[in-house]
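Have a look at the structure below before the remarks.
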Amino acid sequence: MAINSLANELREGTTKSHSMAENVGFVKSFLGGVVDKKSYRKLVANLYFVYCAIEEELLTHKNHPAIQPIYFTELNRKTSLSEDLIYYYGPDWLSLIEPSPATKIYIERIHNIGHKQPELLVAHSYTRYLGDLSGGKILKKIARGAMNLSDERGTKFYDFEQITDDTIFKNKYRSALDTLPLSDEQVKNIVAEANISFNLNMKMFEELNASLLKIATMLLANSIQKFRAKQKSTIAAD
Ligand code: HEM
């Protein structure tokens, strides 16, 4: 059967991955309003490296027939992420951050396909940018509330300043996907790559889970210690 809409293939072909991503602990706690600043700034740092890789490869291949129609500079996130990083880490932010192990694997994958099969970059652009445009407004509100951010800083990542209407833009992006000159085989490979991209994102979120778990364990260990110390001093006083 001939494939006629890459946009539909991508949406349908990643539905399962999408619900799996929604169920990662970190993503679930984020949605539930549990966001600690330390994990969040780590996420922003990891995303900075991911978007540097995506945007570098898209720029390199911006005249490739499969990339040019979906090359929209108004989607670029590198600058907004660096503004958030200045807020969370201070002026020396660049020397204070490094990609996590899962992030390294993610960015290696992006550069690798950039060299070997640039049309697969479409999958990485789709997974991140359409996801950001879909959930950004809600996530911004949750992040600001949970971390008690008072001024306008710390959530620039969610502001697509050159995009006035997210829904109209998403439709434009989806129509552009459908104009890409691709064979059925290439469409299948792009959908498969989008699932890989979801998976790489999940791995990145799962690491943040681990640090949330670490925080919880530390808090528990601290309160046990305090409790024991209190018990000892009560016994000594008796
Ligand atoms: C709990 C977390 C999430 C929720 C509640 C959520 C919710 C949604 C919703 C409601 C849409 C549909 C928007 C529309 O049709 O206009 C959407 C689309 C999308 N989301 Fe998510 N999302 C979550 C996490 C993620 C993650 C982690 C990713 C990838 C890293 C992602 C990638 C996408 C993409 C690519 C689309 C566009 C689908 C398409 O139109 O083809 N989402 N999301």
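Atoms within a ligand are numbered from 1 in the order they appear, just like the ligands themselves. Every heavy atom of this structure was used, including side-chain atoms; hydrogens, water molecules and symmetry mates were not.
- The protein heavy atom nearest to atom 30 (C) of ligand 1 is N201 CG, 3.6 Å.
- Shortest contact from atom 27 (C) of ligand 1 to any protein heavy atom: F205 CE1, 3.6 Å.
- If you look at K170 next to ligand 1, the close heavy atoms, those under 4.0 Å, all belong to the side chain.
- By the 4.5 Å heavy-atom criterion applied to side chains, I67 and V122 are counted as neighbours.
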Quiz item: Is there a ring pair (Phe, Tyr, Trp, His ring centres under 6.0 Å) between Y88 and Y40 once you walk through the steps?
Solution: CA-CA 9 Å; Y88 292 110; Y40 186 75; 5.7 Å; yes
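- Distance screen at 4.0 Å: atom 12 (C) of ligand 1 has no protein heavy-atom neighbour inside the cut-off.
- For the pair H124 (side chain) and L120 (backbone), a donor-acceptor distance under 3.5 Å is absent.
- Nearest protein heavy-atom neighbour of atom 21 (Fe) of ligand 1: H18 NE2, 2.1 Å.
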Practice problem: Output, in order, the C-alpha distance, side-chain angles, deciding distance and verdict of side chain to side chain donor-acceptor pair (under 3.5 Å) for S100 and T103. | Solution: CA-CA 5 Å; S100 70; T103 309; 2.6 Å; yes
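- Below 4.0 Å from some heavy atom of F198 lie the following atoms of ligand 1, by number and element: 28 (C), 29 (C), 31 (C), 32 (C).
- Residue-ligand proximity, G131 to ligand 1, at heavy-atom distances under 4.0 Å covers atoms 20 (N), 32 (C), 33 (C), 34 (C), 35 (C).
- Heavy-atom contacts of L31 reach the following atoms of ligand 1: 1 (C), 2 (C), 5 (C) (cutoff under 4.0 Å).
- Aromatic ring centroids of Y129 and Y51 lie under 6.0 Å apart.
- In the displayed structure, K170 atom NZ is contacted under 6.0 Å by more than 12 heavy atoms of other residues, nucleotides or ligands.
- At least one protein heavy atom sits closer than 4.0 Å to atom 39 (C) of ligand 1.
- Residue contacts with ligand 1 for R174 involve side-chain atoms from C-beta outward but no N, CA, C or O (heavy atoms, distance under 4.0 Å).
- When heavy-atom distances to ligand 1 are checked against a 4.0 Å cut-off, Y126 comes that close through both its backbone and its side chain.
- Salt bridge status for R128 with D132: present, with a side-chain N to carboxylate O gap under 4.0 Å.
- Aromatic ring orientation, Y173 versus F72: tilted (interplanar angle from 30° to 60°).
- Scanning the protein heavy atoms around atom 36 (C) of ligand 1, the nearest turns out to be S134 OG, 3.9 Å.
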